[in-house]
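Written below as structure tokens is the structure these notes are about.
Below, all heavy atoms of this structure are taken into account, side chains as well, without hydrogens, waters or symmetry copies.
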Amino acid sequence: MILAKLRGRLPPQREAELLQSLRHLPRALERVLHVEPQVRMWSEKFAQLQHALFLGRGIHYPIAMEGALKLKEISYIHAEAYAAGELKHGPLALVDKNMPVIAIAPKDALLEKLKSNLQEVRARGGELHVLADQDTRMVAGDGIHVIRMPDHAGFLSPILHTVPLQLLAYHAALERGNDVDKPRNLAKSVTVE
């Protein structure tokens, strides 16, 4: 933001909007923690599984990767993340009732394309777990589980969507009896040879 402002590429009105979003972030994060009971219910099922597939589009693809990484690291459940637009190029072949799909569904320009991807998952018997913004019109039903995010934070949305994914990994690991403070085979320090 500062670089854009220094280069004259940040109009004052946009700067004010961005600052307001940043000021709202702590409250939004606090509200996201209210979905923990729902995430905990998901984790009870995930703890029994061996595999999971995470999907995200655009700026939410790295968040899907973070979710898969955390699930692997502390629950020891095999998890992979893909850009939802790449679903037909391999990962869709893995989808069945034993491969849950976790999707990040923010209200953005890519939402309709994501919904199409999710329909393909359901058509193959895949079970969906969707973290959806309030106004996405994502409806829970048979094989579709939806957690509504309490806030839509625009460009800060990835920060908010990360929290429930980390909670999912945490609670799934606890359900499996894992020590979340000491994950096996992980060195959490940087060493130089």
Considering all heavy atoms of both residues, which atom of [X] and which atom of [Y] are nearest to each other, and what is their separation?
X    : Y    : value
I104 : H60  : CG2-CD2, 3.6 Å
T162 : E66  : CG2-CG, 4.1 Å
E36  : L167 : OE2-CD2, 3.7 Å
V130 : A105 : CG1-CB, 3.6 Å
P91  : E86  : CD-O, 3.6 Å
A79  : L71  : CB-CD2, 4.0 Å

Determine whether L18 and F155 satisfy the following criterion, side-chain contact (heavy atoms from CB on, under 4.5 Å), listing intermediate values before the conclusion. CA-CA 9 Å; L18 294 173; F155 79 101; 3.2 Å; yes

Residue pair [X] / [Y], side-chain heavy-atom distance below 4.5 Å:
X    : Y    : value
P106 : L111 : no
H145 : W42  : yes
V32  : P164 : yes
L53  : L94  : no
V139 : I144 : no

Donor-acceptor under 3.5 Å ([X] side chain, [Y] main chain):
X    : Y    : value
R124 : D96  : no
K113 : R57  : no
S116 : E112 : no
H161 : S157 : yes

Linking I/L/V/M/F/W/Y whenever any side-chain heavy atoms sit under 4.5 Å apart, do [X] and [Y] land together?
X   : Y    : answer
L69 : Y82  : no
V35 : L168 : yes
M99 : L92  : yes
L25 : L165 : yes
M41 : L33  : no

For V121 and L87, run side-chain contact (heavy atoms from CB on, under 4.5 Å): C-alpha distance rounded to whole Å, both residues' side-chain angles, the deciding distance at 0.1 Å, then the answer. CA-CA 9 Å; V121 168; L87 186 63; 3.8 Å; yes

Can you tell me how far apart [atom1] ([X]) and [atom2] ([Y]) are? Round to the nearest 0.5 Å.
X    : Y    : atom1 : atom2 : value
I77  : Q50  : CD1   : CD    : 7.5 Å
E17  : E15  : CD    : CD    : 11.0 Å
L118 : E120 : CG    : CD    : 9.0 Å
I74  : R176 : CD1   : CZ    : 11.5 Å
Y170 : S43  : OH    : OG    : 10.5 Å

Quick check: are there more than 12 heavy atoms from other residues, nucleotides or ligands sitting under 6.0 Å from OH of Y61? yes

Quick check with a 6.0 Å cut-off and a 45 degree axis cone: is R184 positioned over the face of Y76's six-membered ring? yes

Show, in sequence, the C-alpha distance, side-chain angles and deciding distance for K107 and Q134, and conclude whether the side-chain contact (heavy atoms from CB on, under 4.5 Å) test is met. CA-CA 8 Å; K107 175 75 168 141; Q134 286 293 333; over 6 Å; no

Yes or no on side-chain contact (heavy atoms from CB on, under 4.5 Å) for I159 and L29, after CA distance, side-chain angles and deciding distance? CA-CA 8 Å; I159 296 170; L29 284 167; 4.0 Å; yes

Quick check: H129 with F46 (ring centres under 6.0 Å apart)? yes

Does this structure show an ion pair linking [X] with [Y], if we count only N-O contacts that are shorter than 4.0 Å?
X    : Y    : answer
E44  : R40  : no
E30  : R27  : no
R122 : E127 : no

Could you check L160, V163, T136 and say which one makes a side-chain contact (heavy atoms from CB on, under 4.5 Å) with M149? L160

